[in-house]
Amino acid sequence: MLSTSLAQAAPDGSGISDGVVRIAVLGDYGSGRDLGGPGSVTAAKLAAEDFHNKVLGKPIEIISADHQNKPDVAVGIARQWFDVEHVDAVTDLAVSSVGLAVAGLATQSNRTALVSGAATSELTGDKCSPVVTHWADDTYALSAGLVGELSRRVGKDWFFVAVDYSFGTAMVKDASRAVTDAGGKVLGAVRYPFNTTDFSSFLLAAQSSGAKVVALAGTGADTVNAVKQTHEFGLQQGGQTIVGMLTFISDVHSIGLRDAQGMYVAAQYYWDDDDGTRAFAKRFFEIEKREPTKLQAATYAAVRHYLKAIEAGGSDDAKTVNAEMRKLPVDFFGRPARIRNDGRVVYDLSLYRVKKPEESRYPWDYYQKIAVIPGDGAFRPEGTGGCKLDE
């Protein structure tokens, strides 16, 4: 339920700059369009609908653009939005380099960044900001929690096949530490260019390493191509387990259960987990005709909480509303969550195994839950990541 009693400060909407709450969705409309893209715009609009498209009596406007996976393009768009079009908050921000760049600009411009796409843990580390909150499951959580569970269940020897940009670098760094902490060994790592189609040399290196676990640290089409080719080279048949370090339900849909079966993934949202996740998924599916990804779900949760904080604090000023966001408990699809001072949104993660084709009962029935990873154990402890925000 939306709060009405909280709307005490500036109930006439005088704290709303420009008389409009303007939220911009800056996403990937190219190779990663199925992860966020138009679906993130839909998610943001559904969050606004929860408030009847108004907060404190003022209209909510959702706009969008494609950052083309280029930080300079993203910053150019965001600067136009902040300086000319009076955008109050920006969300999605898929791709770590884009997320870091736009979060930095938002800090300089005193605007809100609701990062639901980028996964780098730097956003709540030495790049933290009082106007940035991180809603995506990050590289630390996707390594520490996932590696710990799989080291106990599958094997302790790991090999990484990672995309060669900031996300891949951060993931290998965080996951390698987690492997060592779990008493395992990293037997090697290779890096491939973004948008690679031929993974043969990288997968042959993983195969020859003899590692029990082959971890793919990429996204979108890269993950789809890599997983399909693991079968061509017989990695699974040889006893190796495939882990998608940042895998989305849309990736599994593109791969197909025949090739994706048995792969492990971790996520904070899966559409068919419970009544809370299914309620949002039903609304989303009616529009998009596909189930939401965890990025799209995080966008919905982020925008909804942002609007709730405006309602509570009576203002869309970035520092004011972000302070309110950190005070309020987060309703994460019916499950509790919270926002720390460093901007990290803390929730439980789940470890899933992709089902065999014969185990799937209906369309998009792809995941079997293996374990729940408590948020306090998954995310990097506050104060240890290099965040220097004043208390």
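Scope of the values below: all heavy atoms of this structure, side chains included, with no hydrogens, waters or symmetry mates.
Contact annotation: the side chain of D365 approaches that of K355 to within less than 4.5 Å [non-hydrogen atoms, C-beta and beyond]. Residues N53 and F51 have side chains not in contact (no heavy-atom distance under 4.5 Å, counting atoms from C-beta outward). Within the 4.5 Å cutoff, side-chain heavy atoms of M325 are placed close to those of H305. I60 has its side chain within reach of V55: a pair of non-hydrogen atoms, C-beta onward, lies under 4.5 Å apart. Contact of the E149 side chain with the I373 side chain is registered, since non-hydrogen atoms from C-beta on lie closer than 4.5 Å. Residues V115 and T91 are not in side-chain contact: their nearest non-hydrogen atoms beyond the backbone lie 4.5 Å or more apart.
Side-chain atoms of Q207 come within 3.5 Å of backbone atoms of F233 as a donor-acceptor pair (strictly under, hydrogens ignored). Q261 contributes a side-chain N or O that, together with a main-chain N or O of R258, makes up a donor-acceptor pair within less than 3.5 Å. A donor-acceptor distance shorter than 3.5 angstrom exists from the side chain of R22 to the backbone of E85, with no hydrogens or angles considered. With hydrogens and angles disregarded, no donor-acceptor distance shorter than 3.5 Å links the side chain of S350 to the backbone of K369. No side-chain donor-acceptor contact under 3.5 Å links H86 to the backbone of V20. Checked by atom type and distance alone, the side chain of E382 pairs as donor or acceptor with a backbone atom of N341 at under 3.5 Å. The closest donor-acceptor contact from the side chain of S96 to the backbone of T120 lies under 3.5 Å. Side-chain atoms of K212 come within 3.5 Å of backbone atoms of G239 as a donor-acceptor pair (strictly under, hydrogens ignored). A donor-acceptor pair under 3.5 Å is absent between the side-chain atoms of H253 and the main chain of W364, judged by distance alone. Here the side chain of T196 pairs a donor or acceptor atom with the backbone of P193 at under 3.5 angstrom.
When each of D275, D348, D274 is paired with R335, the salt bridge (Lys or Arg N to Asp or Glu O under 4.0 Å) condition holds for D274 and for no other. For the side-chain contact (heavy atoms from CB on, under 4.5 Å) with W135, the lone residue among L295, L93, I339, V303 that qualifies is I339.
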Check your understanding: What's the verdict on salt bridge (Lys or Arg N to Asp or Glu O under 4.0 Å) for K127 and E122, showing C-alpha distance, side-chain angles and the deciding distance?
Key -> CA-CA 6 Å; K127 305 295 185 184; E122 290 182 65; 5.1 Å; no
Practice item. Show your working on side-chain contact (heavy atoms from CB on, under 4.5 Å) between T169 and M171 and close with a plain yes or no. Key: CA-CA 5 Å; T169 300; M171 182 63 81; over 6 Å; no
Exercise for review: Tell me, with the steps shown, if D376 and R338 meet salt bridge (Lys or Arg N to Asp or Glu O under 4.0 Å).
Suggested key: CA-CA 11 Å; D376 287 335; R338 60 188 174 86; 2.6 Å; yes
Exercise for review: Please test D34 against T293 for side-chain hydrogen bond (donor to acceptor under 3.5 Å, both in side chains), starting from the C-alpha separation and ending with a verdict.
Suggested key: CA-CA 8 Å; D34 289 342; T293 67; over 6 Å; no
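Salt-bridge check for K228 with E232: failed, with every basic side-chain N at 4.0 Å or more from each acidic carboxylate O. Contact check on K294 versus D137 returns a salt bridge, with a Lys/Arg side-chain nitrogen under 4.0 Å from an Asp/Glu carboxylate oxygen. Here K282 pairs with E286 in a salt bridge; the nearest charged N to carboxylate O distance falls below 4.0 Å. Between D138 and R344 a salt bridge is recorded (basic side-chain N to carboxylate O distance below 4.0 Å). Checked for salt-bridge contact, E49 and R283 meet the test: a charged N lies under 4.0 Å from a carboxylate O. The pair D72-K70 does not count as a salt bridge, with every side-chain nitrogen at least 4.0 angstrom from each carboxylate oxygen.
A distance of 6.5 Å separates CG of L349 from CG of L142, quoted to the nearest 0.5 Å. Taking OG of S17 as the reference point, atom CG of N110 lies at 10.0 Å (rounded to 0.5 Å). To the nearest 0.5 Å, atom CE of residue M245 and atom OH of residue Y264 are 14.5 Å apart. With values rounded to the nearest 0.5 angstrom, I23 atom CD1 is found 4.0 Å from I62 atom CD1. Between the CZ atom of R153 and the CD1 atom of I370 there is a distance of 6.5 Å, given to the nearest 0.5 Å. Expressed to the nearest 0.5 Å, how far OG of S14 lies from CG of L56 amounts to 8.5 Å.
In this structure, a donor-acceptor pair under 3.5 Å is present between the side chains of S200 and D198. Under the 3.5 Å distance criterion, with hydrogens and angles disregarded, no donor-acceptor pair is assigned to the side chains of Q296 and S40. Counting only N and O atoms by type, the side chains of D92 and S116 include no donor and acceptor under 3.5 Å apart. Judged by distance alone, the side chains of T139 and D174 do bring a donor and an acceptor atom under 3.5 Å apart. Side chains of D50 and Y300: a donor-acceptor N/O pair is present below 3.5 angstrom, by distance only. Between D272 and Y362, the side chains place a donor N or O and an acceptor N or O closer than 3.5 Å (distance only, hydrogens not considered).
Under the 4.5 Å side-chain heavy-atom criterion for Ile, Leu, Val, Met, Phe, Trp and Tyr, Y140 and L100 are members of distinct hydrophobic clusters. Residues V190 and L187 do not share a hydrophobic cluster, clusters being chains of Ile/Leu/Val/Met/Phe/Trp/Tyr side chains in contact below 4.5 Å. V372 and I249 fall into different hydrophobic clusters, where Ile, Leu, Val, Met, Phe, Trp and Tyr residues are linked whenever their side-chain heavy atoms come under 4.5 Å apart, directly or through other members.
When all heavy atoms of A206 and L235 are compared, the closest pair comes out as CB-CD2, 4.5 Å. Contact between V354 and A260 at its shortest, heavy atoms only, is CB-O, 3.4 Å. Taking each heavy atom of P38 and R33 in turn, the nearest pair found is CG-NH2, 3.2 Å. Taking each heavy atom of S64 and W81 in turn, the nearest pair found is C-CZ2, 3.9 Å.
Using a 30° and 60° split on the angle between ring planes, F333 and Y269 fall in the tilted class, from 30° to 60°.
Scored by the ring-ring contact (aromatic ring centres under 6.0 Å, His included) test, F284 finds F280 as partners (sequence neighbours excluded).
Within a 6.0 Å radius of NZ in K173, other residues, nucleotides and ligands contribute 12 heavy atoms or fewer.
Taking the six-membered ring where the residue is Trp, the centroids of Y270 and Y352 are separated by under 6.0 Å.
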